[in-house]
Participant: 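Just passing along the structure, written as structure tokens.
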Amino acid sequence: MIQPYLDWQSILNTTEVSGPELRLVAIATFSFFCINFILKLIYSIFLAYQRPAYQGLYNLLSNILALIIVFTLTKTTEGSLYYLSLALGVSPMVILLLVSVYMFYGGYRSIAPSFSYVRREQFGELWGIGGKFFIVQVSSIIIFSTDNVIITQLLGPSEVPAYAIAYKYFGLITAVFAIVSSPFWSAYTEAYAKKDIQWILATNKKLIKVWMALFAFSIVMLLGSTYFYHFWVPGIEVPFLLSVIMCVYVNVLAWGNIFVVFINGVGKIKLQLVVGIISMLVNVPLSYFFAKTLGLDSAGVILASIISVAYGPILAPIQFKKILNGTATGIWNK
């Protein structure tokens, strides 16, 4: 509806790509996002069955297919951002579609989606928890995915490569911890339903030990970051302050995820929902304050993101203890 009125060259602060092409890229990206959002239902089922390795495998296949398509495009067409957006959108869609058909007609036939299973009287209950998770995910996507746009607008496109390099480098910590912690979402749900508090506490301690090991490794990465950047991308200068803030950022996310996985597993997410909405609204003003007013540049944008995700590292541990101690009331227990 509003697509014709958006000036994507101004939004992305660039004149390197024409307005019409950027508009096509935006339409394609949004369309594939919506389609893949629905098709990723199969990933939730994998997690429910405690088979997260399947998700990793099919993500790998998706990336391989995208690489093949992009390589083919480089040999058969001229450079086009639109073609690239199509390649990156089609690849996961094809893999997810094939996997869904294969699984729902195979091992997961008993839970395959069907209109015959629709129960209108349960819409309210499903929307209650499902709607909360949806809003939480949207707020997280906005916070995590808009840093590039914010940096482009506030500091110019030339600042984005350094941010992207630091993000990819330290993102290894986030990726590894996500792989380790994801299987416990459904496991926590089952354990909480069985009131197996001892198992939950023991598992939480193990995740904390994993986090401590990754934290130590991230310090090593930080100390060697300058040398690694010069080896990896010698033509791009990444400020050490940016690396420091990025290192803090990924560790803060991982620490919060230790407790958020449990809270998501037991469905007590109203506090996370409220804080997520507030964080989404304050992220841009905070980014401007730290990046422009205080002159921290791209590091300031990351610092704003750290504050915006404060629920995970600060409130989630408190809520975790309250729930297990049986003292959670009000919004802490909803």
Side-chain angles (χ1 to χ4, degrees), residues 40 43-44 46-48 50-53 55-56 59 129 132-145 147 167-192 199-219 221-222 245-280 283 302-324 328 332:
K40 282 184 178 179
Y43 284 171
S44 298
F46 289 154
L47 291 176
Q50 298 187 35
R51 295 175 178 174
Q55 179 177 346
N59 279 336
I129 185 68
K132 291 177 184 177
F133 272 115
F134 177 76
I135 296 173
V136 167
Q137 288 192 355
V138 169
S139 63
S140 298
I141 289 172
I142 291 175
I143 293 172
F144 296 146
S145 303
D147 282 350
Y167 183 83
K168 290 291 184 182
Y169 180 58
F170 287 100
L172 174 65
I173 302 298
T174 307
V176 171
F177 195 82
I179 293 172
V180 173
S181 62
S182 292
F184 292 103
W185 183 320
S186 54
Y188 275 139
T189 304
E190 181 179 358
Y192 186 72
W199 183 88
I200 294 173
L201 290 173
T203 301
N204 182 258
K205 290 180 180 179
K206 292 177 182 178
L207 287 177
I208 290 175
K209 290 180 180 179
V210 172
W211 178 83
M212 292 174 66
L214 288 174
F215 176 79
F217 183 68
S218 71
I219 299 300
M221 291 178 64
L222 177 62
I245 297 297
M246 190 65 74
C247 182
V248 173
Y249 178 55
V250 297
N251 281 295
V252 164
L253 284 179
W255 172 257
N257 198 41
I258 296 174
F259 307 95
V260 170
V261 168
F262 167 78
I263 292 167
N264 288 344
V266 300
K268 311 288 187 179
I269 63 169
K270 187 170 183 179
L271 177 62
Q272 186 180 171
L273 169 66
V274 173
V275 176
I277 293 174
I278 295 173
S279 299
M280 178 177 61
N283 186 48
I302 309 306
L303 183 57
S305 296
I306 292 174
I307 296 175
S308 297
V309 298
Y311 167 79
I314 298 176
L315 296 179
I318 299 174
Q319 188 175 12
F320 172 83
K321 292 181 179 179
K322 284 179 174 290
I323 292 173
L324 293 186
W332 297 94

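In what follows, every heavy atom counts, from backbone to side chain, and hydrogens, waters and symmetry copies are set aside. Keep in mind that what you see is a predicted model, and the values were worked out from it rather than measured.
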Participant: Can you confirm whether N283 sits close enough to S305 that some side-chain heavy atom of one is under 4.5 Å from a side-chain heavy atom of the other?
Facilitator: yes
Participant: Over all heavy atoms of both residues, which pair between V261 and S181 is shortest? Give the atoms and the distance, please.
Facilitator: CG1-O, 3.8 Å
Participant: Taking all atoms of both residues into account, what is the closest heavy-atom pair of P317 and W255, and its distance?
Facilitator: CG-NE1, 4.0 Å
Participant: Just wondering, do F184 and K206 contact through their side chains at under 4.5 Å, heavy atoms?
Facilitator: no
Participant: Suppose we screen for side-chain contact (heavy atoms from CB on, under 4.5 Å). Which residues come up paired with F215, at least two apart in sequence or across chains?
Facilitator: W211, S218, I219, N251
Participant: Looking at every non-hydrogen atom in both residues, tell me the closest pair between Y192 and K268 and how far apart they are.
Facilitator: OH-CE, 4.1 Å
Participant: Mark yes when over 12 heavy atoms from residues, nucleotides or ligands other than K270 sit less than 6.0 Å from its NZ; otherwise mark no.
Facilitator: no
Participant: Would you check if V248 and L303 make a side-chain contact, meaning some heavy-atom pair closer than 4.5 Å?
Facilitator: no
Participant: Please test F259 against I318 for side chain to side chain contact (heavy atoms under 4.5 Å, CB included), starting from the C-alpha separation and ending with a verdict.
Facilitator: CA-CA 9 Å; F259 307 95; I318 299 174; over 6 Å; no
Participant: Please examine the side chains of V176 and L214, heavy atoms only from C-beta on, and report whether any two atoms are closer than 4.5 Å.
Facilitator: yes
Participant: Might you work through the side chain to side chain contact (heavy atoms under 4.5 Å, CB included) test for I263 and Y311, ending with a clear yes or no?
Facilitator: CA-CA 12 Å; I263 292 167; Y311 167 79; 3.2 Å; yes
Participant: Side chains of F133 and L273: closer than 4.5 Å at any heavy-atom pair?
Facilitator: no
Participant: Would a distance-only check, ignoring hydrogens and angles, find a side-chain to backbone donor-acceptor pair under 3.5 Å from S182 to I179?
Facilitator: no
Participant: Can you tell me how far apart CZ (F262) and CG (N257) are? Round to the nearest 0.5 Å.
Facilitator: 14.0 Å
Participant: Roughly how far, to the nearest 0.5 Å, is CE of M280 from CD1 of I135?
Facilitator: 8.5 Å
Participant: Just how far is it from atom OG1 of T203 to atom CD1 of I258, taken to the nearest 0.5 Å?
Facilitator: 12.0 Å
Participant: Answer whether the closest heavy-atom distance between the side chains of F177 and V250 falls below 4.5 Å.
Facilitator: no
Participant: Between CZ of F170 and CG of L253, what distance do you get to the nearest 0.5 Å?
Facilitator: 13.5 Å
Participant: How long is the gap from SG on C247 to CD1 on I302, to the nearest 0.5 Å?
Facilitator: 12.5 Å
Participant: If you take all heavy atoms of G276 and I143, which pair is closest and at what distance?
Facilitator: O-CD1, 4.5 Å
Participant: Report yes if some heavy atom in the side chain of Y188 is under 4.5 Å from a heavy atom in the side chain of N264; otherwise report no.
Facilitator: no
Participant: Under a 3.5 Å distance rule, please check whether Q319 uses its side chain to pair with a backbone N or O of L271 as donor and acceptor.
Facilitator: no
Participant: Rounded at 0.5 Å granularity, tell me how far CZ in F217 sits from CG in L172.
Facilitator: 6.0 Å
Participant: Testing the basics here: between A316 and V260, what is the closest heavy-atom pair and its distance to 0.1 Å?
Facilitator: CB-CG2, 4.0 Å
Participant: Determine whether I200 and F320 make a side-chain contact, defined as any pair of heavy atoms from C-beta on separated by less than 4.5 Å.
Facilitator: yes
Participant: Count the heavy atoms belonging to other residues, nucleotides or ligands that lie under 6.0 Å from NZ of K40, then report whether that count exceeds 12.
Facilitator: no
